[in-house]
Amino acid sequence: MTAAVAQPHADRPLLGIVLMLGFCVLIPFSDALAKLLGEAFPLLQLILVRFIAQAGLLLPFAMARGAAIFPSGRVVRLATIRTLLQICGIGMMFTALRYLPLADAVAIAFVMPFIMLLLGKFVLDEEVGPRRLGACVVGFVGTLMVMQPSFAAVGWPALLPLGVAVIFAFFMLVTRQVAKEIDPIALQGLTGLIGLPILVPLLLLPAIGGEPPLTGWTAPTDSTAVLLLVALGVTGSLGHLLMTWSLRFAPSATLAPMQYLEIPMATLVGLLIFSEFPNGLALMGIGVTIAAGLYIVFRERAVSRAAARVGTPAPPAG
């Protein structure tokens with residue numbers, strides 16, 4: 001669910017939609033790989049693989065485009081904060097996937113747009129009207145409906161995707177602050193690069209935690225495990241690259257509804273790979289969450305269009 005904010009580019013909406021569809025297909029497969037590998041490898045090892053791929057794939061691409069990797073000290077400081085948030089968010093999501101069905105974990109994490117809206121109101125002092133606040137309440141209710149069966153089955157790990165949503169809401173706020181000062185693909189690559197010296201020393205610690213542990217290093221025992229680890233890094237990095245590209249070719253208002261396709265895609269992947277399917281209450285909660293999220297998206301679009309027609313800043317929106 002992470003994404004870099006892209007700079008303006010010539011609009012090609014159909015291409016942007018196709019790229020966003022690619023993101024919605026790849027990321028559930030990346031999550032499924034994390035769920036599979038989480039049974040055999042330490043958590044921090046999986047996160048390191050993800051960051052190695054992110055740096056190795058995106059930095060050369062950004063440099064080939066002539067993008068500055070270290071444009072200023074401010075960018076590096078904000079990118080470091082962003083990296084720490086991404087490490088925590090990915091770690092919590094990978095941990096959640098050890099306990100929860102794939103679709104449930106993804107659907108719960110989609111409470112993030114509601115958290116972003118509330119942070120905008122109470123942290124950034126942005127105007128948010130009563131109808132969008134009401135949609136937030138409805139979205140949270142839908143999230144609780146998804147969480148309830150999982151919480152009854154596994155306990156506290158069902159809360160982890162909620163933590164993921166909070167962390168990535170702050171991740172997006174930091175991204176907003178830095179995105180205008182660095183190429184978005186370079187920012188993703190820089191995030192991967194900064195993560196390496198943070199993660200490698202942690203992996204050198206003795207194995208701690210459960211089974212598999214949090215730290216330590218487990219060598220792959222066969223070529224299948226190696227291929228799965230490589231696929232984990234590539235699908236995650238490529239997925240977010242597709243999202244970054246999509247935002248360069250189509251407005252975010254056009255693409256935002258498309259992101260909710262990640263939830264049914266995660267449901268399908270969970271069914272095919274793990275024979276998981278949400279129960280009735282969770283399915284209802286997924287529907288409520290998607291409906292509330294789409295209402296906020298279309299309400300934002302309507303307010304922006306109304307403001308554009310009269311040539312004034314967007315009014316406090318309902």
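Keep in mind that this is a model prediction, so the values were computed, not measured.
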Identify the heavy atoms of Ala266 and Leu102 that sit nearest to each other, and give their distance. O-CD2, 3.6 Å
Between Thr289 and Phe114, is there a side-chain heavy-atom distance shorter than 4.5 Å? yes
Would Phe168 and Ile90 count as a side chain to side chain contact (heavy atoms under 4.5 Å, CB included) here? Give the steps. CA-CA 9 Å; Phe168 275 111; Ile90 291 175; 4.3 Å; yes
How many angstroms lie between CG in Asp222 and CG in Leu227, if you round to the nearest 0.5 Å? 9.0 Å
Please say yes or no: joined through hydrophobic side-chain contacts below 4.5 Å, possibly via intermediate residues, are Leu294 and Val138 part of one cluster? no
Are Phe70 and Leu78 linked, directly or through intermediate hydrophobic residues, by side-chain heavy-atom contacts shorter than 4.5 Å (ILVMFWY only)? yes
Does the side chain of Phe171 come within less than 4.5 Å of Leu84's, by heavy atoms? no
Separation between CD1 of Ile194 and OG1 of Thr80, rounded to the nearest 0.5 Å: 4.0 Å
Point-to-point distance, once rounded to the nearest 0.5 Å, from CD1 of Ile185 to CZ of Arg65: 4.0 Å
Verdict with supporting geometry, Phe140 and Ile115, side chain to side chain contact (heavy atoms under 4.5 Å, CB included): CA-CA 9 Å; Phe140 278 114; Ile115 295 173; 4.0 Å; yes
Which distance, rounded to the nearest 0.5 Å, do you find between the OG1 of Thr224 and the CG of Leu36? 11.5 Å
Using a 4.5 Å cut-off on heavy atoms from C-beta on, say whether the side chain of Leu190 contacts that of Ile182. yes
Residue pair Leu232 / Phe94, side-chain heavy-atom distance below 4.5 Å: yes
Would you call the rings of Trp156 and Tyr99 parallel, tilted or perpendicular, where under 30° means parallel and over 60° means perpendicular? tilted
Phe249 side chain near Ile17 side chain, heavy-atom distance below 4.5 Å: no
Lys35 side chain to Leu100 backbone, donor-acceptor under 3.5 Å: yes
Within the distance-only criterion (no hydrogens, no angle test), does the side chain of Thr218 pair as donor or acceptor with the backbone N or O of Phe41 below 3.5 angstrom? no
Shared ILVMFWY cluster between Leu159 and Met145, side chains joined below 4.5 angstrom? no
Grab the two heavy atoms, one from Gly195 and one from Ile87, that are nearest each other, plus how far apart they are. CA-CD1, 4.4 Å
Give me the atom names and distance for the closest heavy-atom approach of Met20 to Ser246. CE-OG, 3.4 Å
If you take all heavy atoms of Ala62 and Ile69, which pair is closest and at what distance? CB-CD1, 4.1 Å
Between Ile52 and Trp217, is there shared hydrophobic-cluster membership here, with clusters defined by ILVMFWY side-chain heavy atoms closer than 4.5 Å? yes
Going through the checks in order, is the side chain to side chain contact (heavy atoms under 4.5 Å, CB included) test met by Met112 and Val164? CA-CA 8 Å; Met112 189 192 77; Val164 172; over 6 Å; no
Met265 side chain reached by Phe29 side chain, heavy atoms, under 4.5 Å: yes
Atom of Pro157, atom of Pro161 and distance for their closest heavy-atom approach: O-CD, 3.7 Å
Only residue of Leu281, Ile108, Val288, Val111 satisfying side chain to side chain contact (heavy atoms under 4.5 Å, CB included) with Val146 is Ile108
Any Leu46 side-chain heavy atom under 4.5 Å of Leu229 side chain: yes
Is it true that Glu181 and Arg74 have a side-chain N and a carboxylate O under 4.0 angstrom from each other? yes
Determine the interplanar angle of the Tyr260 and Phe110 rings, folded into 0 to 90°, and report it as parallel if under 30°, tilted if 30 to 60°, perpendicular if over 60°. tilted
Check for a donor-acceptor pair, side chain of Glu262 on one end and backbone N or O of Ile27 on the other, with a separation under 3.5 Å. no
By the definition side chain to side chain contact (heavy atoms under 4.5 Å, CB included), identify the one residue from Leu238, Leu241, Val234 that meets it with Leu26. Leu238
Please report the C-alpha distance between Phe274 and Leu97 in whole Å, then the side-chain angles of each, then the deciding distance to 0.1 Å, and finally whether the side chain to side chain contact (heavy atoms under 4.5 Å, CB included) criterion is met. CA-CA 12 Å; Phe274 304 105; Leu97 290 170; over 6 Å; no
Nearest 0.5 Å, what's the CG-CZ distance between Leu268 and Phe277? 9.5 Å
Rounded to the nearest 0.5 Å, how far does CG of Leu199 lie from CG of Leu204? 11.0 Å
Just by distance, no angles: are the side chains of Gln54 and Arg50 close enough, under 3.5 Å, to form a donor-acceptor pair? yes
Can you tell me if CZ on Phe170 sees more than 12 non-hydrogen neighbours from other groups inside 6.0 Å? no
Between Arg82 and Gln177, is a side-chain hydrogen bond (donor to acceptor under 3.5 Å, both in side chains) present by the stated rule, with each step listed? CA-CA 10 Å; Arg82 186 177 184 271; Gln177 296 298 312; over 6 Å; no
Indicate the atoms forming the closest heavy-atom contact of Pro278 with Thr267, along with that distance. CD-CG2, 3.9 Å
Please determine whether residues Val141 and Val106 belong to a single hydrophobic cluster, defined as Ile, Leu, Val, Met, Phe, Trp and Tyr linked transitively by side-chain heavy-atom distances below 4.5 Å. no
Side chains of Leu187 and Asp183 in contact at under 4.5 Å (non-hydrogen atoms): no
